[in-house]
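As structure tokens, the structure follows; a few thoughts come after it.
All values below were derived from every heavy atom in this structure, side-chain atoms included, with hydrogens, water molecules and symmetry-related copies excluded. The structure presented is a predicted model; accordingly, all values stated were derived computationally and were not measured.
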Amino acid sequence: MQELEKSNIKENILSKTSVMIFVAMICCLLWGSAFPCIKIGYRLFGIEGNDSVSQIFFAGCRFTIAGMMVIMISSVTNKSFTKPKCPTKIATLAAFQTVIQYLFFYMGLAHTSGVKSSIITGSGTFLTLFVCAIGFRQEKLTTKKVVGSIIGFVGIILVNLGGNNIDFDFSLAGEGFVFIAAFSSAMASGFIKKFSKDADVVMLSGYQFFFGGLIMAVTGFFFGGRLMGITPTGMLLLLYMGFISAAAYTLWGLLLKHNDVSKVSTCKFMNPVFGVILSFILLNERGTLGVNVFVALILVCIGIFIVNYRKK
């Protein structure tokens, strides 16, 4: 009975809009830090921009470490080893949230620009809305949700263009693969919401990362992917990137369990905004933060407010 009461308190806390947005912002800040960390990791491990197999191997190592972290922390918290349960659910999430999403993303990224990839990935929020509303029938698709998402998406376009030109060429191996990755991420959100009703989200997150990352690492290594010049600094960075995935995705899964998918997913528009700001701080990529970044931040915040606003 006490465990049930604790569960209800936890659910009430995570369901509060202010708490949900705060935790979602922590997730987005962690994911945003991944943008510069990936580039630093490529430099430390000698991975070229067009070496997609080494990038897949690198990502696989990161996600395998993330899975081990989640399983270890969960085991310590519960004072007993967290065993894998619901193998079908673990396999489904590993496929959609890790393997398909990132294999297609890295292969697509090698054949299109980073700007176009970021914009297409940003469209994933729309895909999540439609997939969860129409495919999974988990919530209603309202005008408020669509309008808020459109405003947030405009912010993503602004933060990624920043004075750069963008072409409208399309290829299956480039933009098509990045879109498949975004669709896979949207499907994963729907499955997490569905599976969380009768399964431990933390356990699912840990094992889907572990097995999904292992598949990616083996695939990348088999096709020639390697990490060169391994150093203590590089290993510390890899551990931090594992922590990013472990903490952010686990928290995100808990938020999806206790809130409408649309409310949580809209916050994901902050990912590229944090990414640009942190890239400026850590890499000094853009020299100065342009007005477009601040306008994008305002638009994203407006979009999040519209989706989450409710009349009392």
- Task: Only counting residues at least two apart or in another chain, list the ones meeting side chain to side chain contact (heavy atoms under 4.5 Å, CB included) with V131.
- Result: F136, F183, A186, M187
- Quick one: do D198 and K89 make a salt bridge, cutoff under 4.0 Å? yes
- Query: Passes side-chain contact (heavy atoms from CB on, under 4.5 Å), I47 versus Q55? Steps please.
  - Reply: CA-CA 7 Å; I47 301 173; Q55 293 171 2; 3.7 Å; yes
- Item | Heavy-atom side-chain contact between M270 and L29 under 4.5 Å | no
- Task: Applying ring-ring contact (aromatic ring centres under 6.0 Å, His included) between F58 and each of Y106, Y102, F45, report the one that passes.
- Result: F45
- Query: Under 3.5 Å, is there a donor-acceptor pair between the side chain of S184 and the main chain of I180?
  - Reply: no
- Message: Hydrophobic clusters here meaning ILVMFWY residues chained together by side-chain heavy-atom distances under 4.5 Å, can you tell me if L299 and V147 are in one?
- Response: yes
- Note on the structure: Output for pair (L172 CG, F177 CZ), nearest 0.5 Å, gives 5.0 Å
- Query: Tell me the ring pair (Phe, Tyr, Trp, His ring centres under 6.0 Å) pairs involving residues 76-101, sequence neighbours left out?
  - Reply: F96-F191
- Query: What's the verdict on side-chain contact (heavy atoms from CB on, under 4.5 Å) for I304 and F269, showing C-alpha distance, side-chain angles and the deciding distance?
  - Reply: CA-CA 9 Å; I304 293 171; F269 283 132; 5.7 Å; no
- CG on L256 to CG on L251, rounded to 0.5 Å: 11.0 Å
- Are the side chains of T92 and F195 in touch, meaning some heavy atoms are under 4.5 Å apart? yes
- Task: State, with a plain yes or no, whether a side-chain heavy atom of M20 is found less than 4.5 Å away from one of V264.
- Result: yes
- Short side-chain to backbone donor-acceptor contact, S54 and D51, under 3.5 Å: no
- Message: Using every non-hydrogen atom in the two residues, find where L30 and A247 come nearest and quote the distance to one decimal.
- Response: CD1-CB, 4.0 Å
- Query: Other than V53, which residues form its hydrophobic cluster under the rule that side-chain heavy atoms must be closer than 4.5 Å?
  - Reply: F222, F223
- Task: Any chance you could measure I26, atom CD1, to C267, atom SG, to the nearest 0.5 Å?
- Result: 12.0 Å
- Message: Whether the side chain of T64 engages the backbone of L214 through a donor-acceptor N/O pair (distance < 3.5 Å, no angle test) should be reported.
- Response: yes
- Backbone N/O of Q97 and side chain of Q208: donor-acceptor pair under 3.5 Å: no
- Message: Hydrophobic clusters here meaning ILVMFWY residues chained together by side-chain heavy-atom distances under 4.5 Å, can you tell me if W31 and I40 are in one?
- Response: yes
- Query: If you group Ile, Leu, Val, Met, Phe, Trp and Tyr by side-chain heavy-atom gaps below 4.5 Å, do L282 and F35 land in one group?
  - Reply: no
- Query: So with a 6.0 Å cut-off around NZ of K85, is the heavy-atom count from everything else above 12?
  - Reply: no
- Query: Taking a hydrophobic cluster as the set of Ile, Leu, Val, Met, Phe, Trp and Tyr residues connected by side-chain heavy atoms closer than 4.5 Å, whether directly or through intermediates, do V218 and F63 fall within one such cluster?
  - Reply: no
- Verdict with reasoning, S196 to H258, per side-chain contact (heavy atoms from CB on, under 4.5 Å): CA-CA 9 Å; S196 65; H258 298 298; over 6 Å; no
- Nearest 0.5 Å, what's the CG-NZ distance between D260 and K140? 11.5 Å
- Query: I73, W252: one ILVMFWY side-chain cluster at the under-4.5 Å cut-off?
  - Reply: no
- Query: Any donor and acceptor pair, going by atom type alone, linking the side chain of S75 with main-chain N or O of T82 inside 3.5 Å?
  - Reply: yes
- Item | Minimum heavy-atom distance between I156 and P272, given as atom pair plus value | CG1-CG, 3.7 Å
- Message: Apply the hydrophobic cluster definition, ILVMFWY joined by side-chain contacts under 4.5 Å directly or through others, and give me every member besides V202.
- Response: V70
Going by atom type alone, with no hydrogens or angles, which donor-acceptor pairs under 3.5 Å involve a side-chain atom of residues 225-245 and a protein atom two or more places apart or on another chain?
residue: R226; atom: NH1; partner: F221; partner atom: O; Å: 3.0
residue: T231; atom: OG1; partner: G234; partner atom: N; Å: 3.1
residue: Y240; atom: OH; partner: S33; partner atom: OG; Å: 3.0
residue: S245; atom: OG; partner: R62; partner atom: NE; Å: 3.1
residue: S245; atom: OG; partner: R62; partner atom: NH2; Å: 3.1

- Message: Looking at S74, is its backbone amide N or carbonyl O close enough to the side chain of N78 to form a donor-acceptor pair, meaning the two atoms are under 3.5 Å apart?
- Response: yes
- Query: Can you find a heavy atom in the side chain of V261 that is under 4.5 Å from one in the side chain of Q138?
  - Reply: yes
- Message: I'd like to know if K145 pairs up with E139 as an ion pair, taking the criterion as any Lys NZ or Arg NE/NH1/NH2 lying under 4.0 Å from an Asp or Glu carboxylate oxygen.
- Response: yes
- Message: What I'd like to find out is whether the side chain of M68 reaches to under 4.5 Å of the side chain of F210, using heavy atoms alone.
- Response: yes
- Query: Would you say K193 and K257 make side-chain contact, with heavy atoms under 4.5 Å?
  - Reply: no
- Do E175 and F179 come close enough that some side-chain heavy atom pair is under 4.5 Å? no
- Which atom names give the shortest non-hydrogen contact between S149 and T125, and what distance separates them? OG-CG2, 4.1 Å
- Message: Could you tell me if the side chain of K263 sits less than 4.5 Å from the side chain of T17, heavy atoms only?
- Response: yes
- Task: Considering non-hydrogen atoms only, spot the tightest contact between L204 and A199 and give its length.
- Result: CD1-CB, 3.8 Å
- Note on the structure: All heavy atoms of G152 vs all of V300, minimum pair found to be O-CG2, 3.8 Å
- Query: Do the side chain of S205 and the main chain of V201 share a donor and acceptor less than 3.5 angstrom apart?
  - Reply: no
- Task: State which residues pass side chain to side chain contact (heavy atoms under 4.5 Å, CB included) with V146; sequence neighbours excluded, sorted by chain then number.
- Result: L141, I150
- Query: If you take all heavy atoms of A66 and A246, which pair is closest and at what distance?
  - Reply: O-CB, 3.6 Å
- Query: About how many Å separate OG of S189 and CG of L129, when rounded to the nearest 0.5 Å?
  - Reply: 10.0 Å
- Measure the spacing between SG of C61 and CD1 of I56 and express it to the nearest 0.5 Å. 12.0 Å
- Task: Any chance you could lay out the side-chain contact (heavy atoms from CB on, under 4.5 Å) test for S185 and K268, step after step, and finish with the verdict?
- Result: CA-CA 12 Å; S185 177; K268 221 170 185 178; 3.8 Å; yes
